Engineer: 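One structure follows; several queries about it will come next.
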Amino acid sequence: MRVQFFPTCLVELLRPDVGAAALAVLREAGHDPEVLKGATCCGQPAYNAGYGAEARRVARRTLRALGDDDRACVVASGSCATMMSHHWPELFEGTPEAPAARRAATRTVELTAFLTGAGADGSAGGSGGSGGEPRPADAVVVHDSCHALRELGAGPTVRRALADAGHATVDADGAERCCGFGGSFSVKLPAVSVAMADEKLDNLAATGCEQVTSCDLSCLLHLQGRARRRGLGLRFDHVATLLDPGT
């Protein structure tokens, strides 16, 4: 299947290897991905901060890059996929781009949801183990980012994709809680953000797993930075990296 692929600005700027892994995974699954040319940001940071006009100005470039197309647009981020599929129609309401935004919303899908054939609610079935179960030596602990979990229902799809690739998954206590990043939240309220990250890291470490994954790079970078400051021996990799047999 020919699909469009939007790696997101964070992946392109900070971890282009994640984008390369996602492309490899899509090709391995039999798809023909085309990276969006000219796309930059989905506009979420400005939108979440309440700057609608600025968010439209940023998102407009990516919306135009999508073009008049009917292919699925696969996004390597739960939060960006949420912005495009759930909030673009509202963001562009009353503008000339409103019809294009509505069309884009219907064909935007997060990477693991696409790979597992899940619906918009993320209902792919399967889940990680509970906090009290034995830990396989190669187990992966999943961090559910807020947007992916609450708006896309992507928790099951991340676990299903990992299971299909041969990875055992477990859940930490408080798996549904925010990591404390929250975009501009971590800048405006750094002390609260750090406290939330520490709680999340304590729970992740308590599972006995060293490998942490998520479908959102922003959460992983936030947690990785705090873990390094604390000297915790946890590894943080985007789910695309773990799904790529070549990494």
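Atoms considered below: every heavy atom in the structure, side chains included; atoms not considered: hydrogens, waters and symmetry mates. Since this is a predicted model, take the numbers as computed values, not measurements.
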Engineer: Working note: L223 + L204, criterion side chain to side chain contact (heavy atoms under 4.5 Å, CB included); need CA distance, chi angles, decisive distance, verdict.
Structural biologist: CA-CA 10 Å; L223 290 170; L204 292 171; 4.2 Å; yes
Engineer: Report yes if the side chains of M1 and R71 come closer than 4.5 Å at any heavy-atom pair, otherwise no.
Structural biologist: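 SC-SC contact between M1 and R71 ruled out.
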Engineer: Could you state the interatomic distance from CD (E210) to CZ (R235), rounded to the nearest 0.5 Å?
Structural biologist: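 Interatomic distance, E210 CD to R235 CZ, rounded to 0.5 Å: 5.5 Å.
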Engineer: Which residues pass the salt bridge (Lys or Arg N to Asp or Glu O under 4.0 Å) test with D32, sequence neighbours left out?
Structural biologist: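 So D32 forms no salt bridge (Lys or Arg N to Asp or Glu O under 4.0 Å) with any residue.
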Engineer: Grab the two heavy atoms, one from T8 and one from C80, that are nearest each other, plus how far apart they are.
Structural biologist: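 Shortest heavy-atom separation between T8 and C80 comes out as CG2-SG, 3.7 Å.
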Engineer: State, to 0.1 Å, how close C146 and C178 come at their nearest heavy-atom pair, and which atoms those are.
Structural biologist: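 Smallest interatomic distance, heavy atoms only, reads SG-CB, 3.5 Å.
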Engineer: Side-chain contact, heavy-atom cut-off 4.5 Å: L10 with R15?
Structural biologist: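 No; the side chains remain at least 4.5 Å from each other.
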Engineer: Side-chain heavy atoms under 4.5 angstrom apart, residues restricted to Ile, Leu, Val, Met, Phe, Trp, Tyr: same cluster for V170 and L232?
Structural biologist: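 Yes, it is one cluster - the side chains of V170 and L232 are joined through contacts under 4.5 Å.
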Engineer: Between T108 and A104, is there a donor-acceptor pair closer than 3.5 Å when you use the side chain of the first and the backbone of the second?
Structural biologist: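 The answer is yes, because a donor-acceptor pair under 3.5 Å joins these two groups.
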Engineer: Would S193 and F181 count as a side chain to side chain contact (heavy atoms under 4.5 Å, CB included) if you check the C-alpha gap in whole Å, the side-chain angles of each, and the deciding distance to 0.1 Å?
Structural biologist: CA-CA 6 Å; S193 175; F181 174 61; 5.7 Å; no
Engineer: Tell me, do L26 and L111 make a side-chain contact under 4.5 Å, heavy atoms counted?
Structural biologist: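 In contact.
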Engineer: Could D144 and R159 be called an ion pair, given the rule that one side-chain N must be under 4.0 Å from one carboxylate O?
Structural biologist: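 Between R159 and D144 there is a salt bridge, with a charged N closer than 4.0 Å to a carboxylate O.
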Engineer: If you define the side chain from C-beta out and look only at heavy atoms, does anything of E176 sit under 4.5 Å from L149?
Structural biologist: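 Yes, close enough: below the 4.5 Å cut-off.
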Engineer: For W88, which of H86, M84, E90 qualifies under side-chain contact (heavy atoms from CB on, under 4.5 Å)?
Structural biologist: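 That would be M84; it is the only one of H86, M84, E90 passing the side-chain contact (heavy atoms from CB on, under 4.5 Å) with W88.
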Engineer: Mind listing the closest non-hydrogen atom pair of S77 and D216 along with its distance?
Structural biologist: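 So the two residues come closest at OG-OD1, 2.8 Å.
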Engineer: D69 vs R103, test: salt bridge (Lys or Arg N to Asp or Glu O under 4.0 Å). Steps then yes/no.
Structural biologist: CA-CA 9 Å; D69 205 304; R103 288 196 302 272; over 6 Å; no
Engineer: Does A195 offer a backbone N or O that forms a donor-acceptor pair with the side chain of K200 under 3.5 Å?
Structural biologist: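 No; judged by distance alone, with no hydrogens or angles, the pair does not exist.
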Engineer: Does the side chain of V58 come within less than 4.5 Å of C41's, by heavy atoms?
Structural biologist: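 Side chain of C41 against side chain of V58, heavy atoms only: contact under 4.5 Å found.
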Engineer: So which atom in L66 and which in R107 form the shortest heavy-atom distance, rounded to 0.1 Å?
Structural biologist: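 That would be O-NH2, 3.2 Å.
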Engineer: Do the side chains of V3 and L23 join up, straight or via other hydrophobic residues, at under 4.5 Å, putting them in one cluster?
Structural biologist: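 V3 and L23: one cluster.
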Engineer: Apply side chain to side chain contact (heavy atoms under 4.5 Å, CB included) to the pair L243 and L115, showing each step before the final yes or no.
Structural biologist: CA-CA 10 Å; L243 297 177; L115 291 171; 3.8 Å; yes
Engineer: Report yes or no: do F185 and V187 belong to one cluster of Ile/Leu/Val/Met/Phe/Trp/Tyr joined by side chain heavy-atom distances under 4.5 Å?
Structural biologist: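 No, F185 and V187 fall in different hydrophobic clusters.
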Engineer: Would you please indicate if the ring centroids of H31 and F114 are separated by under 6.0 Å?
Structural biologist: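 Between F114 and H31, which both carry aromatic rings, the centre distance is below 6.0 Å.
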Engineer: Any side-chain heavy-atom pair from Q4 and K37 closer than 4.5 angstrom?
Structural biologist: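 In short, these two side chains do not touch, never coming nearer than 4.5 Å.
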Engineer: For the CZ atom of F236 and the CZ atom of R228, what is their distance to the nearest 0.5 Å?
Structural biologist: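 So the gap between those two atoms works out to 9.0 Å.
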Engineer: Would you tell me whether H87 and E151 have side-chain atoms, one donor and one acceptor, within less than 3.5 Å of each other?
Structural biologist: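 Yes, side-chain donor-acceptor contact under 3.5 Å.
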Engineer: Under 3.5 Å, is there a donor-acceptor pair between the side chain of H238 and the main chain of V18?
Structural biologist: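 No.
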Engineer: Would you say S214's side chain and H143's backbone share a donor-acceptor pair under 3.5 angstrom?
Structural biologist: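 The answer is yes, because a donor-acceptor pair under 3.5 Å joins these two groups.
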Engineer: May I ask you to decide whether D244 forms a salt bridge with R27, counting only side-chain N to carboxylate O separations under 4.0 Å?
Structural biologist: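 Salt bridge: no.
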Engineer: Atom CG in D173, atom OG1 in T207: separation rounded to 0.5 Å?
Structural biologist: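 Output value for this atom pair is 9.5 Å.
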Engineer: In the single-linkage hydrophobic clustering (I, L, V, M, F, W, Y; side-chain heavy atoms under 4.5 Å), do V75 and L36 co-cluster?
Structural biologist: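 Yes, V75 connects to L36 through the hydrophobic network.
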Engineer: Between atom OH of Y47 and atom CG of L91, what is the distance when rounded to the nearest 0.5 Å?
Structural biologist: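 It comes to 6.5 Å.
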Engineer: Check F6 against T62 and note the closest heavy-atom contact, atom names and distance.
Structural biologist: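 In this case the closest contact between F6 and T62 is CZ-CG2, 4.1 Å.
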Engineer: Could you tell me which residues satisfy side-chain contact (heavy atoms from CB on, under 4.5 Å) with E12, sequence neighbours excluded, listed by chain and number?
Structural biologist: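 Here the qualifying residues are P7.
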Engineer: Taking E34 for its side chain and R2 for its backbone only, find out whether a donor-acceptor pair lies under 3.5 Å.
Structural biologist: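 Side chain of E34 to backbone of R2: no pair is present.
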Engineer: Can you hop from V194 to L234 via hydrophobic side chains spaced under 4.5 Å?
Structural biologist: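 Hydrophobic grouping puts V194 apart from L234.
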Engineer: I would like to know whether T112 and E110 meet side-chain hydrogen bond (donor to acceptor under 3.5 Å, both in side chains); could you show each step before the answer?
Structural biologist: CA-CA 6 Å; T112 63; E110 183 271 328; 2.6 Å; yes
Engineer: Would one find more than 12 heavy atoms of other residues, nucleotides or ligands at under 6.0 Å from atom CD of E54?
Structural biologist: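 Atom CD in E54 is crowded, with more than 12 foreign heavy atoms closer than 6.0 Å.
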Engineer: Given the rule in the side chain to side chain contact (heavy atoms under 4.5 Å, CB included) test, do H222 and M196 qualify, once you have shown the distances and angles that lead to the verdict?
Structural biologist: CA-CA 11 Å; H222 176 67; M196 294 173 72; over 6 Å; no
Engineer: In Å and rounded to the nearest 0.5 Å, what is the OG to CG distance from S145 to L152?
Structural biologist: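 Here the interatomic distance stands at 8.0 Å.
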Engineer: As an exercise, state the distance from CD of Q224 to CG of L217, rounded to the nearest 0.5 Å.
Structural biologist: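 CG of L217 is found 9.0 Å from CD of Q224.
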Engineer: Search all heavy atoms of S186 against all heavy atoms of G180 and return the closest pair with its distance.
Structural biologist: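 Closest pair (atom of S186, atom of G180, distance): CB-O, 3.8 Å.
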Engineer: More than 12 heavy atoms of other residues, nucleotides or ligands under 6.0 Å from CZ of R229: is that the case?
Structural biologist: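 Counting neighbours around CZ of R229, 12 or fewer heavy atoms of other residues, nucleotides or ligands fall under 6.0 Å, so no.
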Engineer: Determine, stepwise, if the pair E97 / R56 fulfils salt bridge (Lys or Arg N to Asp or Glu O under 4.0 Å).
Structural biologist: CA-CA 10 Å; E97 294 93 349; R56 278 190 294 276; over 6 Å; no
Engineer: Given side chains that start at C-beta, do those of T213 and L162 come closer than 4.5 Å, heavy atoms only?
Structural biologist: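 When only atoms from C-beta onward are counted, L162 and T213 do touch, with a gap below 4.5 Å.
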